[in-house]
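Below is one structure; the comments refer to it alone.
Chain naming here is simple, since letters A, B, ... match the order of the sequence lines and numbering starts at 1 in each.
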2 protein chains.
Amino acid sequence: MESLIATEALGALAQITRLEVFRLLVRHEPNGLAAGEIARQLDVPANTMSTHLATLSRAGLLTSERHSRSIVYHANVATLRELMLFLARDCCGGNEELCAPLVAQLSC
Amino acid sequence: MESLIATEALGALAQITRLEVFRLLVRHEPNGLAAGEIARQLDVPANTMSTHLATLSRAGLLTSERHSRSIVYHANVATLRELMLFLARDCCGGNEELCAPLVAQLSC
DNA sequence: TCCATGATTCGACTACTATCGAACTATTGG
DNA sequence: CCAATAGTTCGATAGTAGTCGAATCATGGA
């Protein structure tokens with residue numbers, strides 16, 4: 001991942017509603033969640049939610065598939081992983097040992 | 001770290017100049033870099049850079065200390081680490097095993 | 001085909017963000 | 001104290017982002 005792409009992903013997550021959408025969708029993997037259901041659960045109008053979903057999709061953080069009348073969205077965890085690797089490279093790039101505590105804590 | 005704090009850090013990094021500032025400062029740890037030198041290296045006017053530095057500082061991503069006439073800025077890697085842990089929790093929260101490849105690659 | 005449902009797009013409005021010239025503040029050497 | 005240097009703050013401007021009512025598009029059942 002490269003700086004300009006990274007800023008798009010960071011920008012997509014830098015908004016409280018969109019961040020909550022992504023977290024919600026991660027929790028609902030691997031089934032995904034329909035657009036309307038996302039809007040309902042986060043109490044946001046459908047059209048507003050639609051623009052947020054488009055922003056997240058453009059950043060590569062969501063995928064979607066039509067399922068009859070619904071459009072089901074999925075969190076694309078691979079992009080989050082790439083973003084984190086990009087950030088981690090910043091962190092480790094200067095000081096290798098600074099990352100050790102991170103890796104340790106990441107063992108969930 | 002909590003959602004609202006995370007969005008502030010994400011927003012601070014979601015701008016190409018500020019992202020480059022942070023990366024530059026990580027590379028210059030532990031000495032840090034003076035505001036003017038940062039502006040010069042990234043070819044940005046001093047006042048514009050000053051507002052970006054303020055944004056990053058407000059998000060807890062930078063620290064600073066006056067050193068005679070200069071103000072020296074440092075990357076606060078601890079905040080980046082917290083941010084990454086916040087994002088990782090999203091990732092692992094739903095699917096524990098999704099994080100394994102991340103941790104593996106993070107061994108720099 | 002017609003209607004109901006689920007979702008997106010349009011249009012308008014408000015609010016925020018980035019930028020930069022100019023003015024201001026702080027520190028130090030002469 | 002004065003001038004020079006290093007940074008920040010102010011003010012104006014242009015562009016971008018978030019919100020939501022209304023209109024539109026797509027799908028499937030009667």
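For C:dT19, one of the phosphate oxygens OP1 or OP2 lies less than 4.0 angstrom from a side-chain nitrogen or oxygen of B:Q15. Close to C:dG6, at under 4.0 Å from its OP1 or OP2, lies no side-chain N or O of A:R66.
Across all strands shown, A:S50 has heavy atoms under 4.0 Å from base atoms, whether or not it also approaches the sugar-phosphate. At a threshold of 4.0 angstrom between heavy atoms, the contacts of A:S70 are confined to the sugar-phosphate backbone, with no base atom among them. Counting non-hydrogen atoms under 4.0 angstrom, B:A34 reaches the backbone sugars and phosphates but no base. Among the atoms of the strands shown, base atoms are found under 4.0 Å from some heavy atom of B:A46. Note on A:R40: nothing from the nucleic acid sits closer than 4.0 angstrom, heavy atoms only.
Here the C1' atom of nucleotide D:dT16 and the CD1 atom of B:I16 are 17 Å apart, to the nearest Å. In this structure, CE of B:M49 is placed 11 Å from P of C:dC20, rounded to the nearest angstrom. Atoms NE2 (B:H67) and P (C:dA26) sit 20 Å apart, rounded to a whole Å. The interatomic distance linking A:L13 (CG) with D:dG18 (C1') rounds to 16 Å, in whole Å. With rounding to whole Å, B:R69 atom CZ is found 10 Å from D:dG7 atom P. Atom P of nucleotide D:dG7 and atom CD1 of B:I38 are separated by 9 Å, given to the nearest angstrom. Here D:dT9 presents its C1' atom at 15 Å from NE2 of B:H52, a figure rounded to the nearest Å. When rounded to the nearest whole Å, the span between CG of A:L56 and C1' of C:dT8 equals 16 Å.
If you check C:dT27, D:dT27, D:dC20 against the side chain of A:T48, the one that comes closest is D:dC20. Closest to the side chain of A:I71, out of C:dA18, C:dA7, D:dT8, is C:dA7. Candidate nucleotides D:dT8, C:dA7, D:dC20 were compared by shortest atom distance to the side chain of A:P45, and D:dC20 ranks first.
Under the 4.5 Å side-chain criterion, counting only non-hydrogen atoms from C-beta, A:R89 is in contact with A:L85.
When each of A:V44 and B:A54 is assigned the nucleotide of DNA chain D bearing its nearest heavy atom, the one mapping closer to the 5' terminus is B:A54. Residue B:N47 is the one, among B:N47 and A:A14, whose nearest nucleotide of DNA chain D lies closer to the 5' end (criterion: closest heavy atom).
Separation of atoms CD (A:E20) and CG (A:L42) is listed at 7.0 Å; rounding is to 0.5 Å.
For the side chain to side chain contact (heavy atoms under 4.5 Å, CB included) with B:L13, the lone residue among B:L61, B:T55, B:V21 that qualifies is B:L61.
Of all non-hydrogen atoms in B:S70 and B:A34, the two that sit nearest each other are CB-CB, 3.9 Å. The two residues A:E2 and A:F86 have their closest heavy-atom pair at C-CE1, 4.0 Å.
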